[in-house]
Amino acid sequence: MRIVIAPDKFKGSLSAPEVCSHLEKGLQRGAGGNLEVLRIPVADGGEGTLDAAVGSGFTRRSALVAGPTGEPVTADFAVRGNEAVIEMAAASGLALLPAGALVGGRPGPAAARTATSLGTGQLIRAALDAGCNRIILGVGGSANTDGGAGVLQGLGARFFDAAGTELPAGGAALAHLDRIDFGGFEPRLKDTRFVLASDVDNPLMGAQGAAAIFGPQKGAKQQDVGLLDAALARFVEVLAREIGHRAIKASEAPGAGAAGGVGYAAIAVLAATRRPGIDVVLEFTGLEQRLAGADLVITGEGSLDEQSLLGKTPMGVARAAAGQGVPVIAVCGRTTLHRNQASAAGFDDVYALTELESNVDRCIAEAAQLLEQLGTQISGRLAANRLARTATTKEDLHV
Ligand SMILES: Nc1ncnc2c1ncn2[C@@H]1O[C@H](COP(=O)(O)OP(=O)(O)O)[C@@H](O)[C@H]1O
Ligand SMILES: O=C(O)[C@@H](CO)OP(=O)(O)O
């Protein structure tokens, strides 16, 4: 029997490659090691996108870049031929904030105002140095609200105030922006194509913008949100002087507000095409083709819920599986979906770790072992031949 395991991470407990390996261990245990298993970790453009690329034949590279508060961090990216996958959170992620930027263990307001996406720009440069001219920029989980100004700085642009002094890092400083010098801008960008892999469709500014919606999770208090939003508006105004009206148009584009405005810089200056993260990931993993001839695909994520139905990773996998006529099982930490919702979404069966351990904290702490147990259980059910695409109509659906 040929099984493809193509899950997203279980956020807070297991990375997608870990989900793959523990699930396979359990499945094989239940099947006496007789399964042919193909592991394809997937993601939605955010955290885990790099793992998905590496799991699909890209080579992991690393570069020393500036972290969100400027301190050096070693960030990975992935290369295959002339194509690179950059997960911006690897350089500018909220999770990289040093202890000094945290207040009570959470990002503080100073970090919200000053965090920069500089390291993401430096990673792009590292990808260019590696010979890439097609760059997939996976966004999300960022610490910055700087409109992607840091990305442009990392690529050679310089930002000045009216006195001709170079601006300090971060979104708030953009309130004092007077001029951007693109004189030293990376020339190789002219021949480089960017894809912005993002599921976030917020514009750059306003009530649905980067500062208002994602600022608070980065530590911004109400007054910081106002300040950052106004600073972003100033950035757009000054950029429009340099590159014309497209700077304004891009600020309204869906996705401009992704990753604190890295989406904006990518669309306005790097001419990035925005695509749903899951579509981009499924494409570079070649999932649909690799499903050909499979008897079953197992996907999943930490929480399978109503949000998942809006097109998150497991839905993308289910769609690809439907294209190949392959049955789909979802595994997850927990689920709020009813059986008819799961079935309408294309899942023939859903297994949650909470069925094995009702204490969610323990479920998270012991996810690896529980997932193995679940894998063994799934093997047992497969052996009993209880999986069929008609499961739901037979009232045989698991949840
Ligand atoms: N092992 C686990 N057991 C139970 N619930 C889990 C487990 N791992 C993650 N979760 C739940 O999934 C949530 C994360 O959801 P997930 O789908 O992985 O990511 P996202 O938030 O990006 O959609 C966690 O907050 C937690 O509630
Ligand atoms: O980085 C961010 O600003 C947000 C939106 O892109 O990311 P996430 O949705 O992962 O919180």
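For reference, positions follow the sequence shown, starting with 1. Ligands are counted one by one from 1 in listed order, and the atoms in each one are counted from 1 as well.
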Hey, which atoms in ligand 1 end up nearer than 4.0 Å to a heavy atom of F10? 8 (N), 18 (O)
Between N133 and D191: side-chain donor-acceptor atoms closer than 3.5 Å: no
Counting heavy atoms not belonging to R80, are there more than 12 under 6.0 Å from its CZ? yes
Assess the side chains of S308 and D305: does a donor N or O sit below 3.5 Å from an acceptor N or O? yes
Could you check atom 4 (C) of ligand 2 against the protein and tell me its nearest heavy-atom contact, residue, atom and distance included? F214 CD2, 3.7 Å
Test your reading of the structure: does A259 have an N or O sitting under 3.5 Å from an N or O of ligand 2? yes
Salt bridge (Lys or Arg N to Asp or Glu O under 4.0 Å) between R2 and D295: does it pass, once the steps are laid out? CA-CA 5 Å; R2 186 160 185 265; D295 299 294; over 6 Å; no
R188/D129 ion pair, N-O < 4.0 Å: yes
In ligand 2, which numbered atoms sit nearer than 4.0 Å to a non-hydrogen atom of A258? 6 (O)
For atom 2 (C) of ligand 2, the protein heavy atom that lies nearest, with its residue and separation: S142 OG, 3.4 Å
May I ask you to test the L174-L228 pair for a side-chain heavy-atom distance under 4.5 Å? no
Any protein heavy atom sitting closer than 4.0 Å to atom 23 (O) of ligand 1? yes
How far is atom 21 (O) of ligand 1 from the closest protein heavy atom, and which atom is that? K11 CD, 3.8 Å
As a test of understanding, state which of H22, Q377, Q28 forms a side-chain hydrogen bond (donor to acceptor under 3.5 Å, both in side chains) with E372. H22
Considering non-hydrogen atoms of the protein only, which is the closest contact for atom 10 (N) of ligand 1, and what is the distance? G302 O, 3.7 Å
Look at the rings of Y264 and F235 and say which category their plane angle falls in: under 30° parallel, 30 to 60° tilted, over 60° perpendicular. perpendicular
Within the 4.0 Å heavy-atom cut-off, what K312 brings close to ligand 1 is side chain
For G140, counting its heavy atoms only, list the atoms of ligand 2 lying under 4.0 Å from any of them. 1 (O), 6 (O), 7 (O), 10 (O)
Please could you name the atoms of ligand 1 that L353 approaches to less than 4.0 Å, counting only its heavy atoms? 1 (N)
Ion pair E47/K9, N-O distance below 4.0 Å: no
So for atom CD, which belongs to Q208, do other residues, nucleotides or ligands contribute more than 12 heavy atoms lying within a distance under 6.0 Å? no
Taking only non-hydrogen atoms of G260, do any sit less than 4.0 angstrom from ligand 2? yes
Nearest protein heavy-atom contact for atom 11 (O) of ligand 2: which residue, which atom, what distance? Q217 NE2, 2.7 Å
Check for me whether V139 has a heavy atom closer than 4.0 Å to any atom of ligand 2. no
When you measure from atom 10 (O) of ligand 2 to every protein heavy atom, which one gives the shortest distance, and what is it? G141 N, 2.9 Å
Distance alone, cut at 3.5 Å: any donor-acceptor contact between the side chains of T74 and S62? no
Looking only at protein heavy atoms, which one is nearest to atom 26 (C) of ligand 1, and what is the separation? R334 NE, 4.0 Å
For ligand 1, which atoms sit closer than 4.0 Å to a heavy atom of K9? 18 (O)
Polar contact flag, side-chain donor to acceptor under 3.5 angstrom, D146-S117: yes
Might you confirm whether atom CZ of R106 has over 12 heavy atoms from other residues, nucleotides or ligands at distances under 6.0 Å? no
Heavy atom of the protein closest to atom 13 (C) of ligand 1 (residue, atom name, distance): S303 CB, 3.8 Å
Among non-hydrogen protein atoms, atom 8 (N) of ligand 1 lies closest to S13 OG, 2.7 Å
Heavy atom under 4.0 Å from ligand 1: found in I364's side chain, backbone, both, or neither? both
So which protein heavy atom does atom 3 (O) of ligand 2 come closest to, and at what separation? K218 NZ, 2.7 Å
Going by the order shown, which atoms of ligand 2 are within less than 4.0 Å of some heavy atom of V200? 5 (C), 6 (O)
Using a 4.0 Å cutoff against the non-hydrogen atoms of A367, which atoms of ligand 1 qualify? 1 (N)
For residues R290 and V4, determine if any side-chain heavy atom of one lies less than 4.5 Å from a side-chain heavy atom of the other. no
Look at atom 3 (N) of ligand 1 and find which of S308, C363, G46 reaches it with the closest heavy atom. C363
